[in-house]
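Predicted model, so just to flag it, every value in this text is computed and none were measured. First listed ligand is number 1; within each ligand, the first listed atom is number 1.
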Amino acid sequence: MAKVIKYEFVEELMRKMTLSEKIGQMYQTNYEGSAQTGPAIDTSKTMDLIKEGKLGSILSLYDNDTIKRLQLAAVNTKNKIPLLFCNDIIHGCRTMLPINLAMSTSWNPKLVEESSKMVAYEASHSGVQVTFSPMVNLSRDPRWGRVMESNGEDVYLSKELTKSYIKGYQQGNLKSENSIGACIKHFAAYGAAIGGRDYDGVDMSEGELFNNYLDPYKEAIKCDVAMMMSSFNSYNGIPAVANKYLLDDVLRKKLGFNKVVITDYASVNELRKHKVAKDEKESAYLAIKAKNDIEMASTNYLDSLEELVKCGMVSESEIDEACRRVLNLKYELGLFENPLKNIYSDFPKYWLKDESRAIAKKMADESIVLLENDGVLPLKKEKVSFIGPFVKEKKVVGAWGGKCDYNDTVTIYEALNNKNKKYSYALGSNIFDTSEELISEAINVSKKSSVVILTVGEEQWMSGESHSRALLDLPSSQERLIDEITNLGKKVILIIFAGRPLVLTKYKKMYLEGKISAILYAWYLGTESGNTIVDTLYGVNNPSAKLTMSFPYDVGQIPVYYNHLPSGRPIEDKNNTDYCLRYIDMPLEPLYPFGYGLSYSEVKYGKIELDKDKLFDNSKITVSISITNTSSVKTKEVVEMYIEAMYGVVSRPVRELKGFNKVLLKPGETKKVSFTINKDTLSYYKGSKKVNCYGKYRVYLVSDSSKENFVEIDYSKNTK
Ligand code: GLC
């Protein structure tokens, strides 16, 4: 396992510290006026603890004057140790980006990095020294509320975007005035909670963990991520925060992480609710033995660790190791030299700059997904009406809104006016209720136009932490509005706002029946939402996003994800399914597959080319394809590379994403896109052991995970 670094400055400081002062560094609390992200806790002793040098860090405090006052109090004590200020800046500080799940549909790591750098610029001037981001939990269950802050259902894509977030936040220099430390979360497998129910347990094989859940953390460690957070869920019967296998054997020893692990909010208290600890002392014991360095919010460490050391159950060297990691982080952030780093009383002047909004707009433009289009989009000179609760809705930021002010959001309504568009408008329905009067007004307005843009969706608090859903429908008042409007014989464009995949089967059917002409998925696109939506409707923005979570036909189909394992009775012949149906009442495939998304262009995929079709342990193959934009508008196309192992030592998924490349194509332009395949591309885990699976593979170069365009290669041991 990688040794914890020893900085002489830190070692000298620790030699002067008492045991209780070291334990103080392992405690993070809220402070009055800071946002609660969990059950309220008593913060009345906070200032006393600061003055006694017994508090290490504070979360969710935004007021920079208070932060400054507390910091000055902290460095004015015997050990002069600065506090560390952490916050949940997940997809924007004041200028809000789209929710992370939306950003993942851009398949654009460079743009996610640029966006994260903008977030760091605002946060590093707003009292944030470490952000509890990126959240990289693999998300295969749309019922789970926290899919909105994830990178979706694929580990390869999540790994690539994890790099982008951390590089954008940290910029390779934690001491820079424009950077913040990143805290990757939640370790581990939180997104696999049973039933998509937040905080529920996770039962998972080692092979599943190693193949689908660890790569983003490995990547984060390579990017020198500043901190990692353990998760609320239990993993195979032991809560992650007390799980030595996860946090010590895997994270510390196997992955070599030697920086700070922080618990999630009061998760050490929750060990009593998980029924694995009978009291505070045992909770603290389990958490420190699993090598959590900082306890967030609850005070089991503060109340019990000293006694645990005195009775010999915990050694002082274990305390030293945790305290050292915390002080090392503060040292690497430059807080000892400059305790007021990132703390600015005039922080608003760093917010909402034109260049920041421009980045947010670019990110939103590449995050809106075109699901269906019969040619009605982009709009030309039609007489249009805008209907529904999201035309004027400012709350299209999504959960974890940082320091956002909803008034900053550009709504569709404001964007139409700013861009001098001619249109008519009617509310038609609120998010959760409507009336005959609202409905009839919407019908009358729609009748006078040739195209109706109908905006519907989840209220933004229907997703996020503690907001899982058992059903994935729209509120019934909006269903009523859709039914009324789509019966008018107009061309209807449905724009859906949500923090997760919803069940769209009914609307796809309406599309096939010609009652709906186009479907756009607008997630929550943040501050520039309205500008992106209007630019997309009128063709100024050519949508290029592709789904990173499968959309189910129905909740009953969940879990449904593209890289599922084969079965002994695959449906080879759709006409002869006597003995291989997986459901008798629903297909196996999702309504919309992973990697799917349309644009206003047509991109033709050519023949796949191989420079050779034999691979050995020490060789590589280049696989290429030429793609052509046959339309008259420029476009960005994501070419996705999947592999399919035709047999191996373990049963492997029917597809595995192993590369992607987003290319800009001018009208009529052809570009060749190439990928390299080597033994690592094809490796897999059998349990926790990486194995080389020799044999035949299919290599797909396609526009989404459902497309069949492949070549075959053969991977065998070295001949010599
Ligand atoms: C919350 C979340 C975690 C967040 C933390 C601090 O409960 O689980 O993602 O960073 O508490 O707000």
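- The side-chain hydrogen bond (donor to acceptor under 3.5 Å, both in side chains) with Tyr190 is formed by just one residue from the set Asp200, Asn233, Asn137, Asp198; it is Asp198.
- To the nearest 0.5 Å, atom CD of residue Glu282 and atom OG of residue Ser304 are 11.0 Å apart.
- Side-chain N/O atoms of Gln25 and Lys330 include a donor and acceptor closer than 3.5 Å.
- Ligand 1 has no N or O atom lying under 3.5 Å from any N or O atom of Trp400, backbone or side chain.
- A ring-centre distance under 6.0 Å is not found for Phe594 and Tyr561.
- Neither the backbone nor the side chain of Glu149 has any atom closer than 4.0 Å to an atom of ligand 1 (non-hydrogen atoms only).
- In this structure, atom 12 (O) of ligand 1 lies nearest to the protein heavy atom Asp88 OD2, 2.5 Å.
- Using a 4.0 Å cutoff on heavy atoms, His186 counts as a contact of ligand 1.
- With distances taken over non-hydrogen atoms, the option nearest atom 8 (O) of ligand 1 out of Asp264, Asn137, Ile90 is Asp264.
- Distances from atom 7 (O) of ligand 1 to the heavy atoms of Met135, Lys185, Arg146, Glu465 show the closest one on Glu465.
- Side chain to side chain, Tyr344 and Ser126 fail the donor-acceptor criterion of an N or O pair below 3.5 Å.
- Side chains of Ser267 and Asp264: a donor-acceptor N/O pair is absent below 3.5 angstrom, by distance only.
- Only the side chain of Met229 comes within 4.0 Å of ligand 1, counting heavy atoms alone; its backbone N, CA, C and O stay farther away.
- Close contacts between ligand 1 and Leu59 involve ligand atoms 6 (C), 12 (O) [criterion: under 4.0 Å to a heavy atom].
- Within the listing of ligand 1, atoms 7 (O), 11 (O) sit less than 4.0 angstrom from a heavy atom of Tyr265.
- For the residue pair Asn300 and Tyr285, no side-chain donor N or O sits within less than 3.5 Å of a side-chain acceptor on the partner.
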